[in-house]
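Sequence lines set the chain letters: A, B, ... in the order given, protein chains first and strands last, and positions in each chain run from 1. Just so you know, these numbers use all the heavy atoms, side chains as well, and skip hydrogens, waters and symmetry mates.
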Number of protein chains: 2
Amino acid sequence: MTDDQLDLIFKALSDSTRRRIIDHLSKRPAQSLFEVCAASVAEDGIALSRQTVSQHLAVLEKAGLIEIEWKGRTKAHSLSVSEDDIAAASWLTKYKPKGNET
Amino acid sequence: MTDDQLDLIFKALSDSTRRRIIDHLSKRPAQSLFEVCAASVAEDGIALSRQTVSQHLAVLEKAGLIEIEWKGRTKAHSLSVSEDDIAAASWLTKYKPKGNET
DNA sequence: TCTATATGCAGTAAGATTGCTGCATGCCAA
DNA sequence: TTGGCATGCAGCAATCTTACTGCATATAGA
């Protein structure tokens, strides 16, 4: 796992909008851009423009956290969390206290 | 764990310089600002100004990952990773695949 | 073919981030 | 008391981020 990859993953996770998108995609995979927009409004009450959501999805894709499948003219986004992603995002556990905290 | 807290922790971890500082502090706690600067040059070959390192330390402190103890005119920085921090940084494990990936 | 729909790309503006320099403050030690 | 050292704060420039609007492209279906 390179430093750049860690950067991408942590940066992707450092925005609550993107964390919400991850949550939506975990509940229902293969959502189109419009569906993610709709879910954001319906479940979180947060209205974002299509392009804004598109950019967030691009960040998540760049970090390797979601995967894309084109179905005709619609782009299906699904969560794609690998073991490597989990390991990277758990980077901090390396520095876990040895049971001596208050 | 609030969304804001997750933002702070992931943002703090999304910079390789800050991850390196965490690593230095884990190896040797209670380092002053100057010592962190020196370690960055000595161990990583990266020269950063005192103020730049100070800012990175402030981000880490704001995220609650390090703690400060003043000793006279020097500020001793130590790693302070709580169980909550570990849990927050492991946020992605919620979406761990159920053993069906390639 | 033609239209409606799903998405992409370009451009923009406000705000955050990251690095820096310079000056101010505050404490230890002689 | 005073000199020197560790740190803080203010300010600045370059870049990145996050949101947006508007236009272009491509595909499914009538």
Whether Thr52(A) contacts dT18(D) is assessed here as follows: a side-chain N or O lying under 4.0 Å from the phosphate OP1 or OP2. Is that the case?
no
Interatomic distance, Phe10(B) CZ vs dT17(D) P [rounded to whole Å]
17 Å
To the closest 0.5 Å, what do you measure between SG (Cys37(A)) and CD1 (Ile21(A))?
8.0 Å
Counting just side-chain N and O atoms, does His56(B) come under 4.0 Å of either OP1 or OP2 of dG19(C)?
yes
Counting only heavy atoms not in Lys62(A), do more than 12 sit closer than 6.0 Å to its NZ atom?
no
If I compare all heavy atoms of Thr93(A) with all of Ser90(B), which pair ends up nearest, and what's the gap?
CG2-OG, 3.8 Å
Could you verify whether a donor N or O on one side chain and an acceptor N or O on the other, from Asp85(A) and Tyr95(B), lie under 3.5 Å apart?
no
For the side chain of Gln55(B), starting at C-beta, report the closest nucleotide among dT18(D), dT18(C), dC9(D).
dT18(C)
State whether a side-chain donor-acceptor pair under 3.5 Å links Ser49(A) with Thr52(A).
yes
Any N or O donor-acceptor pair linking the side chain of Gln51(A) to the base of dG22(D) at under 3.5 Å?
yes
Figure out the CG/P separation between Asp15(B) and dT15(D), and round it to whole Å.
17 Å
From CD1 of Ile46(B) over to P of dC20(C), roughly how many Å is that when rounded to an integer?
11 Å
Grab the NZ-P distance between Lys11(A) and dT15(D) for me, whole Å please.
15 Å
Would you kindly compare Ala47(A) and Phe34(B) by the position of their nearest DNA chain D nucleotide and give the one closer to the 5′ end?
Phe34(B)
Neighbours of DNA chain C within residues 66-75 of chain B, by heavy-atom distance under 4.0 Å:
Gly72(B), Arg73(B)
Separation of dT17(C) atom P from Leu57(B) atom CG, nearest Å, is 16 Å
Do the charged groups of Arg28(B) and Glu35(B) touch, with an N to O distance under 4.0 Å?
yes
Testing the basics here: between Asp3(A) and Ser16(B), what is the closest heavy-atom pair and its distance to 0.1 Å?
OD2-CB, 3.1 Å
Looking only at side-chain N and O atoms, does Arg50(A) come under 4.0 Å of OP1 or OP2 in dC20(D)?
no
Distance check: side-chain N/O of Ser49(A) vs OP1/OP2 of dC20(D), anything under 4.0 Å?
yes
Would you mind reading off the distance between Leu33(B) atom CG and dT25(C) atom C1', rounded to a whole angstrom?
15 Å
Answer with base, sugar-phosphate or nothing: what part of the nucleic acid does Ser32(A) contact at a heavy-atom distance below 4.0 Å?
sugar-phosphate
Starting at atom CG of Asp4(A), determine the distance to atom C1' of dC16(D), rounded to an integer number of angstrom.
15 Å
Nearest whole angstrom, please: distance from the C1' of dT5(C) to the CD of Glu35(A).
14 Å
Examine dT18(D): is either OP1 or OP2 under 4.0 Å from a nitrogen or oxygen in the side chain of Thr17(A)? Give yes or no.
no
